[in-house]
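Contents: one structure, followed by commentary.
Note that the numbering runs from 1 along the sequence shown for the chain.
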Amino acid sequence: MSDFKVNPAPQNDAPGATLGRVIVSFVLFAAGLLLIGIGASGGSDLAPYIFTGGVLAVSLGFGLPMIGASER
């Protein structure tokens, strides 16, 4: 037989830090969707900037959980 062993995945963060990152990511995503909706309504001269801020917030909401991630 072979001596095949699987290396365990390293645990980088504490569970509380991971939960906090998930909550912050969700808030950023939801706020970004809200900003996109406000910016798309076109109510003021700042609408393009609000829309762009919403797109950036949604992108950060997706990207934040990837900080420190590695391919397994």
Given the rule that I, L, V, M, F, W and Y join up when any side-chain heavy atoms are under 4.5 Å apart, are [X] and [Y] in one cluster?
X   : Y   : value
L34 : I50 : yes
V24 : L60 : yes
F62 : F51 : yes
L64 : L35 : no
I38 : V55 : no

Non-hydrogen atoms of T52 and P48 that approach each other most closely: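 Heavy atoms of T52 and P48 come nearest at OG1-O, 2.8 Å.
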Residue pair A57 / G32: nearest heavy atoms and the distance that separates them: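 It is CB-CA, 3.8 Å.
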What's the separation between atom CG in L28 and atom CD1 in I23, rounded to the nearest 0.5 Å?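 That separation rounds to 12.5 Å.
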